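Keep in mind the model is a prediction, meaning the values are calculated, not measured.
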Amino acid sequence: MKTYAIIGNQYEGLYTKPWSIVQKYTQTKPAPRYKGFTTATEAKTWFEEQKAGQDLSSRQYTIAYDGQFETNPEKYYLFTDGGSRNTGNVSGGHVKATDKAAWALAIYQGNDLKNPLFKDAGAFFGRTNNEMEILALIHGLQQAQKTAIPVVIVSDSKYVLDTATNWMYNWKVAGWKKSSGQIANLELWQQVDQLIQPIAQRLEFIWVKGHATSAGNVLVDQLLNDAMDQLQ
């Protein structure tokens, strides 16, 4: 018998009723998180992990569409970005071995989002945009490990933020599997999970619109493009 777990609304809990009944419990505002499991143990594990992470800032992200957000002098702000140039590719085509790709990051302290304390970037041939976005996050998390100060990751990739704050935990509970098929970039996401866990209590995420009004986001975009330009 399938077990359904719901969290985040008035019907929060575990259910073994038919989906035709449980589905109605999920159609509320605010919309809850929910998932079906083949065993009650899996459902309970997922439910407890979701509850434990509900109040963690590392399990959600805020949106700063205009690039503006309130800063804290006691935090580091770490901007990450990834990109690729699929030169001559048709829509939906595969990355070519000659295509350039890169990741970049920039770290700022406190209220000063104009003068980065640290910058870094790396470039490759034949890698995807999503790989670069994840690599930027990985390098950012590695930098975050070096301090005990709270760190805010700022990214323009909802793919990265949705996965790092939500989807990744569901895959982990299911044995690093998902019902819709193979997990792209699985090893990279497992590395992200390992890096987040030790610092989850002091980690936050913010989404900003790409290439717009956020100076930090504009800088990391420039850094990764410079890295691609220099790639021989």
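In this structure, the side-chain hydrogen bond (donor to acceptor under 3.5 Å, both in side chains) partners of Thr71, at least two apart in sequence or on a different chain, are Asn111. Annotation: side chain to side chain contact (heavy atoms under 4.5 Å, CB included) contacts of Ser20 (sequence neighbours excluded): Pro18. In this structure, Lys17 has no salt bridge (charged side-chain N to carboxylate O under 4.0 Å, His left out) partners at least two apart in sequence or on a different chain. Taking Asp66 as the reference, nothing meets the salt bridge (charged side-chain N to carboxylate O under 4.0 Å, His left out) condition, with sequence neighbours excluded. Remark: Tyr76 engages no residue in a side-chain hydrogen bond (donor to acceptor under 3.5 Å, both in side chains) (not counting sequence neighbours). Not a single ring-ring contact (aromatic ring centres under 6.0 Å, His included) links Phe124 to another residue, sequence neighbours left out. The side-chain hydrogen bond (donor to acceptor under 3.5 Å, both in side chains) test applied to Lys35 returns no partner, not counting sequence neighbours. The side-chain hydrogen bond (donor to acceptor under 3.5 Å, both in side chains) check on Thr62 picks up nothing, with sequence neighbours excluded. For Asp229, the salt bridge (charged side-chain N to carboxylate O under 4.0 Å, His left out) partners are Arg85, not counting sequence neighbours. Take Pro150 and apply the side chain to side chain contact (heavy atoms under 4.5 Å, CB included) test, not counting sequence neighbours, and it matches Lys75, Arg202.
The heavy-atom pair separating Leu223 from Ala121 by the smallest distance is O-CB, 4.1 Å.
Listed by first and then second residue, the side-chain hydrogen bond (donor to acceptor under 3.5 Å, both in side chains) pairs involving residues 131-142 are Arg127-Glu131, Thr128-Glu131 (not counting sequence neighbours).
Proximity of Lys44 to Leu14: side-chain heavy atoms (C-beta onward) are separated by under 4.5 Å at one or more points. The closest side-chain heavy-atom distance from Lys100 to Phe125 is below 4.5 Å. Under the 4.5 Å side-chain criterion, counting only non-hydrogen atoms from C-beta, Asp156 is not in contact with Val220. Looking only at side-chain heavy atoms (C-beta outward), Ile153 and Ile206 stay at 4.5 Å or farther from each other.
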Side-chain donor-acceptor pairs of residues 160-170 under 3.5 Å, sequence neighbours excluded:
residue, atom, partner, partner atom, Å
Asp162, OD1, Tyr61, OH, 2.7
Thr163, OG1, Tyr159, O, 2.7
Thr165, OG1, Leu161, O, 2.6
Asn170, OD1, Trp46, NE1, 2.3

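Side chains of Gln197 and Asp193: a donor-acceptor N/O pair is present below 3.5 angstrom, by distance only.
The cluster map of Ile, Leu, Val, Met, Phe, Trp and Tyr, joined by side-chain heavy atoms under 4.5 Å apart, puts Phe69 and Ile63 in different clusters.
Few gaps surround NZ on Lys178; more than 12 heavy atoms of other groups in view lie less than 6.0 Å from it. Enclosure of atom CD in Gln201 is not indicated, since only 12 or fewer non-hydrogen atoms of other residues, nucleotides or ligands lie within 6.0 angstrom.
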Leu105 vs Lys119, side-chain contact (heavy atoms from CB on, under 4.5 Å): CA-CA, chis, key distance, verdict:
CA-CA 6 Å; Leu105 65 86; Lys119 298 181 291 185; over 6 Å; no
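A donor-acceptor pair under 3.5 Å is absent between the side-chain atoms of Asn185 and the main chain of Leu188, judged by distance alone.
Using cut-offs of 30° and 60° on the angle between ring planes, the pair Trp207 and Tyr65 is tilted.
Here Glu49 does not pair with Lys172 in a salt bridge; the nearest charged N to carboxylate O distance is not below 4.0 Å.
For Tyr25 and Tyr15, the gap between ring centers is short of 6.0 Å.
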